[in-house]
K.L.:
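I have a structure I would like to understand better, so I am pasting it below and will then ask my questions one at a time.
Side chains are part of it too, since the values below use all heavy atoms of this structure and drop only hydrogens, waters and symmetry mates.
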Amino acid sequence: MYPWIKALHLIAVVTWFAALFYLPRLFVYHAMARDQGDRQAIDYFLVMERKLYRGIMTPSMIAVLLLGGWMLYLAPGWLSQGWLHAKLTLVLLLVGYHHVCLAHMKRLAAGTSDKSHRYFRVFNELPVLVLLAVVILAVVKPF
C-alpha cells in the first residue's frame, strides 16, 4: 500500500507546485494589466486566479498533507530522521506561502494591492528554492 500512497503523494506535490508556480505568474500579468488600466484583462485574471486557487492549488495542498501524513503513520520511523524535520519545516513554509497567495489574490481582486509586477516576479521564485531543498532532502537525506 505504501508505494501507492507515495505515488499519489508525488502526483499531488507536482500539481501543487505547478499551481504555486503559476498563480504568482498570473499576479505578474494581473499587476501589469492593472497598471495599464486594462479592465477586461483584469477581469480575466481574476477568474483564472480564483479557479486555479480553488480548483487545483488548494485541493492539491490538502492531498499532499493528507497523503504525507498517511505515509508517516505507516512509517513512523522516518520521524527520527533530521532531514525529514527540515523537509516538514519547508512544507509548513509552503503552506504559509499558499495562504499568502490567497491574501495577494484577495487584495488584487479588491483593487487594494500596491504590489508591482516586479514584486510578483520575485515572489514567484520563492517556491523554486523550496522545491530544490525539499527534493534534495527527500532524495539525498543528507542528515
K.L.:
Any side-chain heavy atom of Phe123 within less than 4.5 Å of one from Cys101?
P.N.:
yes
K.L.:
Does Ser113 offer a backbone N or O that forms a donor-acceptor pair with the side chain of Arg34 under 3.5 Å?
P.N.:
yes
K.L.:
Write down the atom of Leu26, the atom of Glu49, and the distance for their closest heavy-atom approach.
P.N.:
O-OE2, 3.7 Å
K.L.:
Within the side chain of Thr58, is there an N or O that forms a donor-acceptor pair under 3.5 Å with the backbone of Arg54?
P.N.:
no
K.L.:
How close do Leu20 and Asn124 get, counting heavy atoms only, and between which atoms?
P.N.:
O-OD1, 4.3 Å
K.L.:
Find out if a path of hydrophobic residues (ILVMFWY) with successive side-chain heavy-atom gaps under 4.5 Å connects Leu94 to Val100.
P.N.:
yes
K.L.:
Under 6.0 Å between ring centres: does that hold for Trp70 and Trp4?
P.N.:
no
K.L.:
Got a sec: does the OH of Tyr73 have more than 12 other heavy atoms crowding it under 6.0 Å?
P.N.:
no
K.L.:
Quick one: closest heavy-atom pair of His85 and Leu79, and the distance?
P.N.:
NE2-O, 2.6 Å
K.L.:
Measure across Ala138 and Trp83 and return the closest heavy-atom pair with its distance rounded to 0.1 Å.
P.N.:
CA-CZ3, 3.9 Å
K.L.:
Run the ring-centre check on Tyr119 versus His104 and record whether the distance is less than 6.0 Å.
P.N.:
yes
K.L.:
Is there a path of hydrophobic side-chain contacts, each under 4.5 Å between heavy atoms of I, L, V, M, F, W or Y residues, that connects Val95 with Phe21?
P.N.:
yes
K.L.:
How close do Leu137 and Leu90 get, counting heavy atoms only, and between which atoms?
P.N.:
CD1-CD1, 3.8 Å
K.L.:
I'd like to check Val134 versus Val130 (side-chain heavy atoms, cut-off strictly below 4.5 Å). Are they in contact?
P.N.:
yes
K.L.:
Any side-chain heavy atom of Asp43 within less than 4.5 Å of one from Gln40?
P.N.:
no
K.L.:
Looking at CZ of Arg107 and CG of Asp114, how far apart are the two atoms once the value is rounded to the nearest 0.5 Å?
P.N.:
8.5 Å
K.L.:
Applying the 4.5 Å side-chain criterion to the ILVMFWY set and letting contacts propagate, would Trp78 and Val139 be lumped into a single cluster?
P.N.:
yes
K.L.:
Are any of the side-chain heavy atoms of Arg25 and Arg121 separated by less than 4.5 Å?
P.N.:
yes
K.L.:
To the nearest 0.5 Å, what is the distance between CE (Met57) and CG (Leu102)?
P.N.:
8.5 Å
K.L.:
Using the six-membered ring wherever Trp is involved, compare the ring planes of His98 and Tyr53 and label them parallel, tilted or perpendicular (cut-offs 30° and 60°).
P.N.:
tilted
K.L.:
Does Ile56 reach the side chain of Trp16, with side-chain heavy atoms less than 4.5 Å apart?
P.N.:
no
K.L.:
Starting from Val91, can I reach Val140 by hopping between I/L/V/M/F/W/Y residues whose side chains sit under 4.5 Å apart?
P.N.:
no
K.L.:
Evaluate whether atom CD of Glu125 has more than 12 neighbouring non-hydrogen atoms of other residues, nucleotides or ligands under 6.0 angstrom away.
P.N.:
yes
K.L.:
Is a side-chain N or O of Lys51 found less than 3.5 angstrom from the main chain of Met48, in a donor-acceptor match?
P.N.:
no
K.L.:
Would one find more than 12 heavy atoms of other residues, nucleotides or ligands at under 6.0 Å from atom NZ of Lys141?
P.N.:
yes
K.L.:
Could you walk me through whether Tyr29 and Phe120 pass the side chain to side chain contact (heavy atoms under 4.5 Å, CB included) test, one step at a time?
P.N.:
CA-CA 9 Å; Tyr29 302 137; Phe120 287 120; over 6 Å; no
K.L.:
According to a 4.5 Å side-chain heavy-atom criterion applied to Ile, Leu, Val, Met, Phe, Trp and Tyr, with indirect links allowed, do Val128 and Val122 form part of one hydrophobic cluster?
P.N.:
no
K.L.:
What's the spacing between Ser116 OG and Asp35 CG if we round to 0.5 Å?
P.N.:
8.0 Å
K.L.:
Would you compute the distance between atom CG of Leu65 and atom CG of Leu88 and round it to the nearest 0.5 angstrom?
P.N.:
10.0 Å
K.L.:
Would you please indicate if the ring centroids of His117 and Phe27 are separated by under 6.0 Å?
P.N.:
no
K.L.:
Rounded to the nearest 0.5 Å, how far apart are NE2 of His30 and CG of Asp38?
P.N.:
10.5 Å
K.L.:
Heavy atoms only: give me the nearest Lys6-Met71 pair and the separation to one decimal.
P.N.:
CA-SD, 3.5 Å
K.L.:
Less than 4.5 Å apart, side chain to side chain, heavy atoms only: is that true for Leu84 and Leu72?
P.N.:
yes
K.L.:
Got Leu108 and Ile42 here, is their nearest side-chain heavy-atom distance under 4.5 Å?
P.N.:
no
K.L.:
First locate atom OG1 of Thr15, then atom CG of Leu10, and finally report the distance between them rounded to the nearest 0.5 Å.
P.N.:
10.5 Å
